[in-house]
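Written below as structure tokens is the structure these notes are about.
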Amino acid sequence: EWISMVWKELATFDENVFNQMMRHKKFAESKGYDVIVASIYGSQNYALETEESDVDSYLIVMPSLEDLALNRKPVSKELMYVDENGVLNGEHVVVKDFRIFVEALMNADFHALEVASSKYTTAIRWTDLDEKVNPFEDMDCFTAVLFKFYWRVANCFESALKSRKLERLDWNKKGDRKTLVDIVLHYFVFLHAFERDKYPYSTYSKNLRDTLLEIKNGSMSKEDALAMFDLNTMLYNVRDRWEHDQPADKGKTENQLRKELNQMLINQFEAKFEELR
């Protein structure tokens with residue numbers, strides 16, 4: 001209950017973010033894409049947005065019957081958003097075929113799992129009525145792919161340790177500082193996903209949020225940041241949690257989740273082409 005209250009405080013639904021996401025949807029549709037689910041990825045999901053933060057969208061699109069009949073390669077693109085005045089504003093619009101999204105979800109892709117738990121994820125009705133309903137909210141996605149997610153996080157930490165990646169970070173570069181923030185977020189997402197939290201991407205406390213923002217904007221020194229988030233300790237904690245506290249009930253299996261996602265695709269096709277009769 002307390003965690004839920006903190007989440008609501010730190011990650012209040014922002015209508016401006018939602019409206020910009022819907023502009024991205026219309027932009028993609030103007031390019032010929034059939035959007036069935038719209039979402040975002042990035043700082044707004046973590047409650048780490050600032051006044052300078054832009055909106056980056058993740059759109060799941062439906063293949064056409066022609067695409068399927070001709071066995072065309074599923075689309076996976078990143079578009080640069082152009083507003084109604086023809087101006088590039090630096091915002092990204094990721095476009096993913098539903099079939100690719102299913103595979104990304106089953107492989108514990110970080111962005112796919114983020115989309116599946118984002119409160120901005122929106123089902124699009126075929127009547128062009130926009131519903132603020134997450135089509136994945138009844139699926140325990142993290143539970144179903146927890147094994148793969150564990151190895152993805154552990155390998156991320158091990159790779160950073162072996163390559164001494166963090167020690168070589170250029171603290172004057174925003175992208176380099178974001179590298180540490182991303183690793184820290186992987187750590188906390190794993191721990192909270194393991195506890196079956198509905199919104200495992202939340203930063204959960206004001207102290208953690210403020211610390212990560214200080215790293216993002218460079219007001220905290222590299223030495224202090226690395227001392228605060230020791231990679232060896234974090235890797236040990238992740239391994240310890242996985243090895244000693246695995247829940248007896250892991251919820252839905254990978255096959256169960258895959259069947260549900262495939263059925264969702266079938267339902268979308270049926271709903272769409274029923275209107276054409």
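- Taking the six-membered ring for Trp, Tyr201 and Tyr41 have ring centres at least 6.0 Å apart.
- Residues Phe194 and Trp242 meet the side-chain proximity criterion, which asks for heavy atoms closer than 4.5 Å.
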Test salt bridge (charged side-chain N to carboxylate O under 4.0 Å, His left out) applied to Glu84 and Arg23, step by step: CA-CA 9 Å; Glu84 58 274 11; Arg23 294 187 190 98; 5.5 Å; no
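- For Thr203 (side chain) and Tyr46 (main-chain N/O), a donor-acceptor pair under 3.5 Å exists by modelled atom type.
- For the atom pair Leu231 CG and Lys165 NZ, the distance stands at 10.5 Å (nearest 0.5 Å).
- Residues Leu191 and Arg241 come closest through the heavy atom pair O-NH1, 3.6 Å.
- Residues Met264 and Pro135 share a closest heavy-atom pair of CE-O, 3.5 Å.
- Counting heavy atoms from C-beta on, the side chains of Leu105 and Leu113 come closer than 4.5 Å.
- Residues Gln20 and Glu91 meet the side-chain proximity criterion, which asks for heavy atoms closer than 4.5 Å.
- A 4.5 Å side-chain heavy-atom check between Tyr120 and Val115 finds every atom pair outside the cut-off.
- Between Gln44 and Asp14, every side-chain heavy-atom pair lies at or beyond the 4.5 Å cut-off.
- Here Lys216 contributes atom NZ and Leu180 contributes atom CG; the two are 12.5 Å apart, rounded to the nearest 0.5 Å.
- Using the six-membered ring where Trp is involved, Phe188 and His192 have ring planes that are parallel, under 30° apart on the 30 and 60° scheme.
- Checked against the 6.0 Å centroid criterion, the rings of His92 and Tyr81 do not qualify as a close aromatic pair.
- Side-chain contact between Lys222 and Leu169 is present, with at least one heavy-atom pair separated by less than 4.5 Å.
- A distance of 7.0 Å separates CZ in Phe157 from CD1 in Ile183, rounded to the nearest 0.5 Å.
- Classified by interplanar angle (parallel below 30°, tilted 30° to 60°, perpendicular above 60°), the ring pair Phe149/Phe190 is tilted.
- Of all heavy-atom pairs spanning Leu48 and Leu213, the tightest one is O-CD2, 3.3 Å.
- Scanning both residues, Arg177 and Gly218, for their nearest heavy atoms gives NE-N, 3.4 Å.
- The closest side-chain heavy-atom distance from Met220 to Thr211 is below 4.5 Å.
- Atom CZ of Phe136 sits about 6.5 Å away from atom CG of Leu261, to the nearest 0.5 Å.
- Nearest heavy-atom pair, Val94 versus Glu78, reported as atom, atom and distance to 0.1 Å: CG2-OE1, 3.9 Å.
- A pairwise comparison of heavy atoms in Arg196 and Leu146 identifies NH1-CD2, 4.4 Å as the closest pair.
- Side chains of Val55 and Ile40 form a contact here, defined as non-hydrogen atoms less than 4.5 Å apart.
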